[in-house]
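Everything on this sheet refers to the single structure shown next.
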Amino acid sequence: MVRVRSLLPSLPPAERRVAQRVIDDPEGVANSTITELAQTCGTSETTVIRFCRAIGFHGYPELRLTLATEAGRAQSASGGRVIGSDISPDDSLEQIVEKVTFADARAVEETAAQLDIKMLEQVVDAVVAADRVDVYGVGASAFVAADFQQKLHRIGRVCSAWSDAHIMLTSAAVLGSGNVAIGISHSGATVETIDALEVARNNGVRTVALTNFPKSPIAEVSDLILTTAARETTFRSGATASRLAQLTVVDCVFVGVAQRTYGPTRKALEATFEAVRGRTVRPDRRRR
């Protein structure tokens, strides 16, 4: 299901209808013949087979088996409760909390499960070797970019985070071959972020994308691609889940960099901790 959602925007229209059916009703697809699925989606059996191969299966029987297995695991994990569905107008606040936290937890778990460790290692190597790292993101992704900048800055890495379109472009224009540019975009289609990465790449900069969709437009201007696995739901609560998924990947990159530079990182963390230690309220100043 993670693979289907991540490839959905890049599929041809007919295959996209099959993919959407799989996303909307995986159990129903698992219990349908290839003919029934093709008729439901208004397409041909050949298209269904092409879709299966596009997501890495040899044929339809393998897809049905996998969907049935995943449905069984999901049912077992949720204790029989339907908590992965969209939020409805009739849901109680308790149900909303349950559904939102379930979506958030699944986003983090599924992101970790599908994360390409070899790709992650290459990104860590690139950041460690970089003289400077610039991170680009707008909207919700800007907060993730700022979090990454703060983490790297605290361990002594030269890093800036930009969310203004003009500043992103001017930043990319002055980067060089010893630098790294990282673009964060859930959709992978954010024009401002793509344009900044393209300018940086044209200057010989190593470019990295963090996105939910590996075949989205941002991939075309990126040397390395890290992916998340967050789903969109009612009220765009997927935007919340996507931020948590992005932060998970950012944390993995940060810890990888910190581990590679263990000595200097420990010294920097101790120095920065000491610098702000006196900025907390002393016990004798608290209200009684």
Side-chain angles (χ1 to χ4, degrees), residues 1-9 19-20 22-27 29-30 55-57 62-63 65-87 91 94-124 137 140-141 143-145 147-148 151 182 184-188 208-216 219 224-259:
M1 293 300 297
V2 172
R3 195 183 315 157
V4 173
R5 287 196 299 272
S6 69
L7 294 176
L8 179 64
Q20 192 61 57
V22 170
I23 292 171
D24 294 340
D25 187 15
E27 290 187 61
V29 173
I55 62 172
F57 292 123
E62 189 177 359
L63 172 65
L65 179 61
T66 302
L67 289 175
T69 302
E70 284 198 7
R73 288 175 180 168
Q75 187 79 356
S76 176
S78 65
R81 296 168 296 168
V82 183
I83 56 178
S85 58
D86 283 354
I87 295 168
D91 283 344
E94 182 180 8
Q95 290 173 313
I96 290 172
V97 170
E98 194 171 31
K99 287 182 178 182
V100 169
T101 53
F102 177 81
D104 289 351
R106 282 296 297 273
V108 172
E109 291 171 359
E110 292 179 348
T111 292
Q114 60 82 53
L115 193 59
D116 187 331
I117 302 303
K118 290 184 179 179
M119 184 68 70
L120 176 65
E121 187 173 13
Q122 292 183 60
V123 174
V124 170
S141 295
F143 296 105
V144 180
D147 177 81
F148 193 30
K151 284 182 167 67
I182 301 176
I184 302 175
S185 170
H186 172 75
S187 67
V208 180
L210 173 55
T211 180
N212 206 70
F213 304 100
K215 292 188 178 182
S216 57
L224 303 171
I225 303 170
L226 294 172
T227 54
T228 55
R231 65 188 76 185
E232 295 285 349
T233 55
T234 314
F235 306 126
R236 292 213 49 177
S237 58
T240 302
S242 69
R243 188 182 71 248
L244 294 175
Q246 289 170 347
L247 288 170
T248 298
V249 177
V250 161
D251 282 350
C252 290
V253 176
F254 167 72
V255 173
V257 172
Q259 183 193 46

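Keep in mind that the numbers below use all heavy atoms, side chains included, and drop hydrogens, waters and symmetry copies.
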Closest heavy-atom contact between Ala68 and Ala30?
-> N-CB, 3.9 Å
Interatomic distance, Leu67 atom CG to Glu62 atom CD [nearest 0.5 angstrom] = 11.0 Å
d(Leu224 CG, Leu210 CG) to nearest 0.5 Å is 12.0 Å
What heavy-atom pair brings Leu7 and Pro214 nearest, and what distance separates the two atoms?
-> CD2-CG, 4.4 Å
Which atom names give the shortest non-hydrogen contact between Met1 and Pro26, and what distance separates them?
-> SD-CB, 4.1 Å
Please report the shortest heavy-atom distance between Thr211 and His186, naming the atom on each side.
-> OG1-O, 3.2 Å
Non-neighbouring partners of Ser141 that pass side chain to side chain contact (heavy atoms under 4.5 Å, CB included), sequence neighbours left out = Ile184, Gln246
Taking all non-hydrogen atoms of both residues into account, name the closest pair between Asn212 and Ser6 and its distance.
-> O-CB, 3.5 Å
Enumerate donor-acceptor pairs with a distance under 3.5 Å from any side-chain N or O in residues 107-117 to protein atoms, sequence neighbours excluded.
residue	atom	partner	partner atom	Å
Glu110	OE1	Arg5	NH2	2.9
Glu110	OE1	Arg231	NH2	3.3
Glu110	OE2	Arg106	NE	3.1
Glu110	OE2	Arg106	NH2	2.4
Glu110	OE2	Arg231	NH2	3.0
Thr111	OG1	Ala107	O	2.7
Thr111	OG1	Ala229	N	2.9
Gln114	OE1	Thr227	OG1	2.6
Gln114	NE2	Thr111	O	2.9
Gln114	NE2	Thr227	O	2.7
Asp116	OD1	Lys118	N	3.1
Asp116	OD1	Met119	N	3.1

Partners of Phe148 by ring pair (Phe, Tyr, Trp, His ring centres under 6.0 Å), sequence neighbours excluded?
-> none
For the atom pair CG (Leu244) and CG (Asp251), what is the distance rounded to the nearest 0.5 Å?
-> 10.5 Å
Interatomic spacing from CG in Leu226 to CD in Gln122 - rounded to 0.5 Å | 9.5 Å
Shortest non-hydrogen separation from Val250 to Asp147 and the atoms involved | CG1-OD2, 4.0 Å
Other residues, nucleotides, ligands: >12 heavy atoms within 6.0 Å of Phe57 CZ = yes
Below 4.5 Å, heavy atoms only, C-beta onward: do Val253 and Ile182 meet side chain to side chain?
-> no
Lys215, NZ: over 12 other non-hydrogen atoms inside 6.0 angstrom = no
